[in-house]
Structure formats: structure tokens, C-alpha cells
Amino acid sequence: MPVVLLRSPLRDLAGGNRSLQLPGSTVGQVLRALESTWPKTTGWVLDERGAVRQHVNVFVNGERASADVSVAEGDRLHVLPSITGGSR
């Protein structure tokens with residue numbers, strides 16, 4: 001199974017897990033498995049159409065990926081939520 005690596009606040013919504021093995025053959029399927037396993041993550045990564053949200057970055061083995069990208073056993077998906085704001 002692919003391995004999903006989460007950063008805060010998604011990690012907190014997934015029971016504090018930093019790394020999860022989830023089933024799926026595409027990024028979208030894996031992220032839907034995340035939502036199914038950890039319902040508090042629903043709506044944070046995927047939008048209503050099943051696409052990765054505009055301000056969320058997903059990388060598969062270091063390459064930026066959309067929901068339709070294929071994944072294989074042992075692939076690493078990094079899910080990085082946007083950090084907004086900044087200094088004045």
C-alpha cells in the first residue's frame with residue numbers, strides 16, 4: 001500500500017498519525033481512503049468533485065501530483081496543507 005505522510009493540522013485530524021498506509025491505485029483513491037478512515041479529514045484535502053484542493057499540495061515520491069496520478073505499493077504521498085498569512 002502507498003504511505004501517506006501528513007503534516008499539521010491534518011496529522012491532528014488523523015489521530016496524531018504522521019504516517020499511514022492506505023489502499024488505492026490513484027492519489028484520489030488513497031485520499032478518499034484517508035477520509036473514510038479518518039472522517040475528520042473530510043473536506044480538508046479533496047474538494048466536492050474529488051480534486052485536490054487548490055491550497056493543498058500532494059507529492060508522490062517528490063513529484064507534485066493531482067488526484068488522477070497512479071500510485072503503487074510503497075509510493076510515498078506527502079500531503080502539505082497551505083500555510084497562509086505571513087509577517088508584516
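Heavy atoms only: backbone and side chains are in, while hydrogens, waters and symmetry mates are out. Numbering starts at 1 and runs along the sequence shown.
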Minimum heavy-atom separation for V30 to P2, with atom names? CG2-CG, 3.9 Å

Taking all non-hydrogen atoms of both residues into account, name the closest pair between V27 and S66 and its distance. CB-O, 3.3 Å

Spell out, yes or no, whether L77 and F59 are grouped together once hydrophobic residues are joined by side-chain heavy atoms under 4.5 Å, including indirect joins. no

With a 4.5 Å cut-off on side-chain heavy-atom distances among I, L, V, M, F, W and Y, is there a chain of contacts connecting L5 to V69? no

Does the pair V45 and R53 meet the rule for a side chain to side chain contact (heavy atoms under 4.5 Å, CB included), with working shown? CA-CA 6 Å; V45 180; R53 287 202 172 277; 6.0 Å; no

Partner of V79 under side chain to side chain contact (heavy atoms under 4.5 Å, CB included), chosen from L6, L34, V52, T41: L6

Is any side-chain heavy atom of W38 less than 4.5 Å from a side-chain heavy atom of L13? no

N/O donor-acceptor pair under 3.5 Å between R7 side chain and P81 backbone: no

Side-chain donor/acceptor of N17 to backbone N/O of L20, under 3.5 Å: no

Is any side-chain heavy atom of D75 less than 4.5 Å from a side-chain heavy atom of V3? no

Looking at OG of S25 and CD of E73, how far apart are the two atoms once the value is rounded to the nearest 0.5 Å? 12.5 Å

Strictly below 4.0 Å, N to O, side chains only: are K40 and E35 in salt-bridge contact? no

Test side chain to side chain donor-acceptor pair (under 3.5 Å) on N57 and R64 and set out the steps. CA-CA 7 Å; N57 292 305; R64 191 159 183 191; 2.6 Å; yes

Say whether, by atom type as modelled, one donor and one acceptor occur between the side chain of T37 and the main chain of A33 under 3.5 angstrom. yes

Show the nearest heavy-atom pair for residues V71 and G24, with the distance to one decimal. CG2-O, 3.6 Å

From L10 atom CG to R18 atom CZ, the distance as rounded to the nearest 0.5 Å: 13.0 Å

When you measure from the side chain of T26 to the backbone of Q29, do you find a donor-acceptor pair of N or O atoms at a distance under 3.5 Å? yes

Should M1 and V58 be regarded as members of a common hydrophobic cluster, given that ILVMFWY residues are connected when their side-chain heavy atoms come within less than 4.5 Å of each other, either directly or indirectly? no

Is a donor on one side and an acceptor on the other found under 3.5 Å between the side chain of D47 and the backbone of A51? yes

